[in-house]
Every structure is written in structure tokens, then in C-alpha cells.
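A short write-up of the structure that comes next.
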Amino acid sequence: MSAYTVAVIVGSLRKDSYNRLVAKALAELSPPELKYEFVEIGELPHYNQDLDAEGAPPASWTAFRQKVKAADAVLFVTPEYNRSVPGVLKNAIDVGSRPYGSSVWDKKPGGVISVSPGAIGGFGANHHLRQSLVFLNVFPLQQPEAYLGGAAEFFDEAGKLKNERTRDFLRNYGVALSKWVQTHKAG
Ligand code: FNR
């Protein structure tokens, strides 16, 4: 069975980010048919349409666009900021969506996971993100939904997953995502 690459985009720049730890744990627990590649978004300049119009996009935009375009699928793992998506993630989405007609998101299967120390598990961010994905023609896995609350209890001091329920959930999510991506790639 061939391996498919999943571009993983983490919506937090925090060095001890729970979202990044969850994404890493998922990558370790997932079946081998998926190869996870983290694509960084922290250095992308704010989107400015003039730079594309002038034909001189920043090199970091071009590199980001190429990495996402080359991937078979996209996985967003994001915190919720003020009941929505962090600005840094929205900026990355906007950068990847342009120039008009050349969006790197188009027709990609994928997934959305939101992670929060709070009880609601980033539900608001998860669904605001899904609103953009409808327009961008990304096909995120619907079930299982992934709103991971109580994230401060998931990891030990070394950043290793210590919570069995979360481990089982992520293992199952990885299986579902793998099937979803394979179904899409098979046409
Ligand atoms: C937050 N946080 C937060 N949490 C939440 O569940 N809902 C929210 O609306 C917000 N809003 C919010 C705004 C801003 C500006 C910050 C900095 C934080 C708390 C957030 O979930 C917490 O900081 C997480 O630890 C962020 O995820 P990472 O960085 O651990 O991945």
C-alpha cells in the first residue's frame, strides 16, 4: 500500500504547545499509510495581495505553497483564540489560497483537530476553520469530530502522552483519517 503525505499545520507558535504535542502524538500513533510532514507557518509575512499582483511574493510564501501543494492531504491542529482561529493560522490559509485560481488547498482531503486546556475543546475554532475549508474546497474528515478539551492533563513533563483515553482517540482518528485520505486519492 502506498504512503500518502499529510501536511500538518499547527495553529500555535508556543514552544510547549499542546496542539503541537497532540499532532506529534497522532503522527506516532497513526497507521504507516500516512506520512506526516509538519509545515511551519510562523514566519509567513501577513498576506498582502499587492505582492502577488506585482509577481514578487515573499520566498516563504512560495515555499509554503509548494509544500502544501505537494502533499496529498492537510491536517489542521489548532487552538481556539477568542472562540475563533488564531490569526497566524488564518494568515497561512490566506497565503495558500492565492493568487486567485492557484489555491494549494483545492480538493485536498484532510482533517481538523482543535485542542484546548478548556472544557469546550476549541469547538468554535474548529467550526470557524471548517467555514473557510468549505470555500477552499478542502474535504475534512467529518467523523470522528475532534474537540480535545482538558489538554493540560494529556502529557507528562517530557511531553509524552500519558492519558490512555486520548491515546485511544488519536489512534482511532489516525485510522479514520488514513481511510478517508485513501478513499479520496482512489477517486
Ligand atoms: C486563548 N485560549 C483560549 N482557549 C479556549 O478554549 N477558547 C478561547 O477562546 C481561547 N482564547 C484565547 C485567546 C488567546 C489570545 C490566547 C493566547 C489563548 C487559551 C488557549 O486554549 C491556551 O493558551 C492553549 O494552551 C493554546 O494552545 P497551545 O499553544 O497550547 O497549542
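Indexing begins at 1, ligand by ligand and atom by atom, following the structure's order.
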Practice prompt. Report the C-alpha separation of I9 and V77 in whole Å, then their side-chain angles, then the decisive distance to 0.1 Å, and conclude whether the side-chain contact (heavy atoms from CB on, under 4.5 Å) test is met.
Written response: CA-CA 6 Å; I9 298 172; V77 187; over 6 Å; no
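- With no hydrogens or angles considered, no side-chain donor-acceptor pair links H184 and Y4 at under 3.5 Å.
- Between R14 and ligand 1, at least one N/O pair is under 3.5 Å apart.
- Within the 4.0 Å heavy-atom cutoff, P117 counts among the residues contacting ligand 1.
- Under a 4.0 Å criterion applied to the non-hydrogen atoms of S116, ligand 1 contributes the atoms 4 (N), 5 (C), 6 (O), 21 (O).
- No hydrogens or angles considered: nothing links the side chains of R167 and N163 as a donor-acceptor pair under 3.5 Å.
- Set against the non-hydrogen atoms of N19, the atoms of ligand 1 under 4.0 Å away are 27 (O), 28 (P), 31 (O).
- A side-chain donor from one of D52 and Y47 sits under 3.5 Å from a side-chain acceptor of the other.
- Annotation: Y81 places no N or O atom under 3.5 Å from an N or O atom of ligand 1; distance criterion only.
- At least one N/O-N/O distance between E80 and ligand 1 falls below 3.5 Å.
- Counting protein heavy atoms under 4.0 angstrom from atom 25 (O) of ligand 1 gives one or more.
- Every atom of ligand 1 is numbered from 1 in the order shown, and the set under 4.0 Å from a heavy atom of R83 is 7 (N), 8 (C), 9 (O).
- In this structure, I120 has no heavy atom closer than 4.0 Å to ligand 1.
- Of the charged side-chain nitrogens involved, none lies within less than 4.0 Å of a carboxylate oxygen, so that R165 and D168 do not count as a salt-bridged pair.
- Which parts of ligand 1 touch P79 is read off a 4.0 Å heavy-atom cut-off, strictly below it: atoms 26 (C), 27 (O).
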